[in-house]
Number of protein chains: 2
Amino acid sequence: MKTVSKTQYTISQFAALVNLTPYTLRYYESLGLLKPKRDQAQRRYYEKQDIAWIDFLRHLKGTGMTMTELQKYVRLRAQGDQTIKERISLLQKVEAKGQTKIKELNKNLQIVQHKLDWYRDKLQGKIAENEDFGSYLAKFKE
Amino acid sequence: MKTVSKTQYTISQFAALVNLTPYTLRYYESLGLLKPKRDQAQRRYYEKQDIAWIDFLRHLKGTGMTMTELQKYVRLRAQGDQTIKERISLLQKVEAKGQTKIKELNKNLQIVQHKLDWYRDKLQGKIAENEDFGSYLAKFKE
DNA sequence: TTAAATCTTATAGTTTACTCTAAGTCAAGT
DNA sequence: ACTTGACTTAGAGTAAACTATAAGATTTAA
């Protein structure tokens, strides 16, 4: 049996590593999203696997989850395997919302693209002086 | 020549129509995003075409544009056709940012999907007791 | 005539997610 | 010995985009 010494980071080292501030790390911890270990002097230290956890949190946040939702997820996790079904349904909702978000973003971007086309046509004099964007857009309605 | 009477909405009628509040409409106006006409008594009234404008603003906002950016766009618009090129480059940036946003959202949702798969595999006992999500994820790295 | 709606300006409150300061304690490195 | 960094609790500040209140004036529909 071999003992391997694990890399430990202080809060400011770790903050730099994951592009957050010590303030933010303590804030997340206060919300229950992190629980770094402590040394003999009660100072936090972070390890390699904490990077992966932060990354995962970021992905969840990036889907639009609020801090409160993250807290709920983390609370379930802490309760062990019997909450896996609940976690699944939580993440399914997250996924569904995310897909909706993408669709809406796409729709909004399409309008922007049409507007860009309209401007370019207008610059080329390809648009009747009195045709406005509204009637132009109407052409693209299915 | 025929005179057609146009529908006019009071601020609260219009607010209900576009799902905003009178507060918000005045707020938008204070930012220069709207300029409703006024009646003899200086009360705002809105018309059909204002609905289209609100919709367009919503699409722009929906891409992630801030109020400040919207203000800039509206200011350019008010300056007339000589700002069309500038408006084009503004909207192009909006579009580029939006595409980036979609890519990121997709990446984040993929991670969520992997996590869901992992949970489902785990529920089925298909995952080694000691395999964590990190090593599971590693399988999907290109 | 009176209640309801609108107007104005100015200011305050709300929410989310940080971000920072204060103020005092403690421990480790040079 | 001393500077540096970390710790604590509590609370304040920031930014965005609303949302609301106050307070007084005016107008209009019933």
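We name chains A, B, ... by the order of the sequence lines, and we start the count at 1 in each one. All of these numbers come straight from a predicted model, not from anything done at the bench.
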_Using the salt bridge (Lys or Arg N to Asp or Glu O under 4.0 Å) criterion, which residues pair with R120(B)? Sequence neighbours excluded._
D117(B)

*With sequence neighbours left out, what residues match E47(B) under salt bridge (Lys or Arg N to Asp or Glu O under 4.0 Å)?*
K37(B)

*Taking only residues at least two apart or on different chains, which pairs with a member in residues 16-32 of chain B satisfy salt bridge (Lys or Arg N to Asp or Glu O under 4.0 Å)?*
E29(B)-R38(B), E29(B)-R44(B)

*Pull out every residue in residues 10-19 of chain B that has a heavy atom closer than 4.0 Å to any atom of DNA chain C, ordered by number, or say none.*
T10(B), I11(B), S12(B)

_Connected-component partners of L109(A) among ILVMFWY, side-chain separation under 4.5 Å_ = I102(A), L105(A), I102(B), L105(B), L109(B)

*side chain to side chain contact (heavy atoms under 4.5 Å, CB included) with L123(A): which residues, sequence neighbours excluded?*
I84(B), K85(B), I88(B)

_Which residues share a side chain to side chain contact (heavy atoms under 4.5 Å, CB included) with D39(B), sequence neighbours left out_ = A41(B), R43(B), Y45(B)

*With sequence neighbours excluded, give me every ring-ring contact (aromatic ring centres under 6.0 Å, His included) pair touching residues 7-40 of chain B.*
F14(B)-Y46(B)

*asked:* So if I take the C1' atoms of five pairs at each end of the helix from dT1(C)-dA30(D) to dT30(C)-dA1(D) and get each local axis, what angle do the two axes make, rounded to 10 degrees?
replied: 10°

*asked:* Does the protein touch nucleotides 14-30 of chain D at the base, only the backbone, or not at all? Give it as B, S and - per nucleotide, heavy atoms under 4.0 Å.
replied: ---BBBBB-----SS--

*Could you note down all residue pairs passing side chain to side chain donor-acceptor pair (under 3.5 Å) where residues 74-83 of chain B supplies at least one of them, sequence neighbours left out?*
T83(B)-R87(B)

*Applying salt bridge (Lys or Arg N to Asp or Glu O under 4.0 Å), which residue pairs with at least one partner in residues 11-22 of chain B are found, sequence neighbours left out?*
none

